[in-house]
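For clarity, every value in this text was computed on a predicted model and none was experimentally measured.
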Amino acid sequence: MFANNRTHREGIAAADERGRQALDAAQRHVELSNMVGDQRDHEAWRREAVLAAVASILETSASVRGDLASCGEWDLVTAEEIDGVGAQIHKVIWDRPGGTLTRLRVVAHRRIPNKCEDLLRTLTAAQHITMQRLKLHIDVEATVEELEEMASLWQKAMRHAAEQERALVEITRLELGIEIASKGPAAPPVPTAQAPVAEPVAETPTAAPEPALAPEEHHTAVLRVVTADTEPPAGTPETAPVADEPVAQRQAEPAQV
């Protein structure tokens, strides 16, 4: 009896231990699932924050570049007016994007805020060049060479700003793991001319060569002239009498085969 009771107690203790282990495993699984869910939510929030900040800076850049591209339509006749417009554009470049850069330095890799700052600096340089170009246009002492040189410098600055925008877009896609498909369906490949391939000729059974025929015997008609005075030898069949035609006429006629 004592042995049986001890066995029962040991079985109960082992069952309790297995229950505690199963409960601990279930609790760890729940905690791990909650942790993975929290990390997923945090990553989704971070991606949305990075995407919104970059989109805001790109929107500001596109707006500033559009304004600078239409500088030829501005009705500015004094240097003070040009400086005033330049100050407004400079404020647009650095006012709101400044806070956006700060958020990007917190939630994104340093490559993205660095690219954003490069873009804003490039826009600032383009803004200064645009203002100098406008002042040169109202300068009566400006030469054609100076105007052309300033126009070339302005075009380079605008192209550089557009390149900075594309670089920012590419590095943001790389940071967020965004893959963009091709612009359109791939064109079907153009068939190339190929040399004609000779088809194998099926072997046809050849008939056995026919035995050579014996050469045909050419029978030459023999014209026998039987005169009235000559009698045919014995055993020779009688022939029909030959018509009385001149021999020369018969020789002139072509022989019929």
Side-chain angles (χ1 to χ4, degrees), residues 49-187 190:
V50 171
L51 187 60
V54 173
S56 176
I57 290 181
L58 289 175
E59 182 181 358
T60 300
S61 176
S63 176
V64 171
R65 284 200 305 113
D67 292 339
L68 296 179
S70 61
C71 64
E73 302 175 0
W74 298 349
D75 188 13
L76 303 177
V77 295
T78 63
E80 290 76 11
E81 293 177 350
I82 295 174
D83 291 337
V85 173
Q88 293 177 3
I89 295 178
H90 187 274
K91 185 178 180 180
V92 171
I93 294 174
W94 290 102
D95 190 8
R96 188 176 64 178
T100 304
L101 276 177
T102 304
R103 288 194 299 272
L104 281 174
R105 296 189 188 281
V106 174
V107 299
H109 192 274
R110 62 177 179 271
R111 295 175 300 180
I112 293 182
N114 290 344
K115 283 293 183 182
C116 291
E117 189 173 3
D118 292 341
L119 173 59
L120 296 179
R121 293 183 183 277
T122 303
L123 290 173
T124 303
Q127 174 254 325
H128 284 300
I129 293 174
T130 303
M131 299 304 108
Q132 294 297 325
R133 184 185 180 188
L134 292 176
K135 290 179 181 180
L136 196 62
H137 274 286
I138 64 175
D139 188 1
V140 293
E141 298 181 357
T143 62
V144 178
E145 291 78 7
E146 292 176 347
L147 292 174
E148 292 179 353
E149 183 180 358
M150 185 60 66
S152 177
L153 187 62
W154 178 81
Q155 292 176 358
K156 290 180 181 179
M158 297 296 288
R159 284 196 301 266
H160 191 199
E163 292 173 359
Q164 290 288 340
E165 286 184 4
R166 289 192 293 268
L168 177 58
V169 170
E170 292 298 330
I171 201 171
T172 304
R173 289 175 179 173
L174 183 63
E175 171 75 13
L176 302 180
I178 300 175
E179 296 182 359
I180 304 299
S182 57
K183 294 183 179 180
V190 179

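- For the pair S61 (side chain) and I57 (backbone), a donor-acceptor distance under 3.5 Å is absent.
- The CZ atom of R105 sits 5.5 Å away from atom CG of N114, with the distance rounded to the nearest 0.5 Å.
- Within the model, atoms CD1 of I129 and CG of L68 stand 10.0 Å from one another, a figure rounded to the nearest 0.5 Å.
- Considering CG of L134 and CG of L76, their distance stands at 6.0 Å, rounded to 0.5 Å.
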| request: Evaluate the side-chain contact (heavy atoms from CB on, under 4.5 Å) criterion for residues C116 and T100: first the C-alpha distance (whole Å), next the side-chain angles of each, then the deciding distance (0.1 Å), finally the verdict. | output: CA-CA 9 Å; C116 291; T100 304; over 6 Å; no

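- Formation of a donor-acceptor pair under 3.5 Å by the E165 side chain with backbone atoms of L119 is not found in this model.
- Residue-environment remark: CD (E149) stays at or below the threshold of 12 foreign heavy atoms within 6.0 Å.
- Separation of atoms CG (L51) and CD1 (I112) is listed at 9.5 Å; rounding is to 0.5 Å.
- Side-chain atoms of T130 come within 3.5 Å of backbone atoms of A126 as a donor-acceptor pair (strictly under, hydrogens ignored).
- R121 has a carboxylate O that lies under 4.0 Å from a charged side-chain N of E117, or vice versa, which qualifies the two as a salt bridge.
- Side chain of T172 to backbone of L168: a donor-acceptor contact under 3.5 angstrom is found.
- Two residues are said to be in side-chain contact when any heavy atoms from C-beta on lie closer than 4.5 Å; E81 and D75 fail this criterion.
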| said: Does D67 form a side-chain contact (heavy atoms from CB on, under 4.5 Å) with V92? I'd like the steps, not just the answer. | reply: CA-CA 11 Å; D67 292 339; V92 171; over 6 Å; no

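- Between T122 and A157 the shortest heavy-atom distance is CG2-O, 4.2 Å.
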| task | Any chance you could lay out the side-chain contact (heavy atoms from CB on, under 4.5 Å) test for L101 and L120, step after step, and finish with the verdict? | result | CA-CA 10 Å; L101 276 177; L120 296 179; 3.8 Å; yes

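- Between R133 and A151, the shortest heavy-atom contact is NH2-CB, 4.1 Å.
- Remark: side-chain polar atoms of D95 are not paired, donor with acceptor, to backbone N or O of K91 under 3.5 angstrom.
- With hydrogens and angles disregarded, no donor-acceptor distance shorter than 3.5 Å links the side chain of S56 to the backbone of A52.
- To the nearest 0.5 angstrom, I171 atom CD1 is 5.0 Å from R111 atom CZ.
- Side-chain contact between I138 and V77 is absent, with no heavy-atom pair separated by less than 4.5 Å.
- Under 3.5 Å, the side chains of H160 and Q164 contain a donor-acceptor pair of N or O atoms.
- Counting only heavy atoms from C-beta outward, the side chains of Q127 and T124 approach each other to under 4.5 Å.
- Annotation for W154 and C71: closest pair CZ2-SG, 4.3 Å, computed over non-hydrogen atoms.
- Using a 4.5 Å heavy-atom cutoff, the side chains of E146 and D139 are not in contact.
- Taking all atoms of both residues into account, the shortest heavy-atom contact from K135 to A79 is CE-O, 4.2 Å.
- Put simply, the side chain of R166 reaches to within 4.5 Å of the side chain of E163, judged on heavy atoms.
- The CG atom of D83 sits 11.5 Å away from atom CD of Q88, with the distance rounded to the nearest 0.5 Å.
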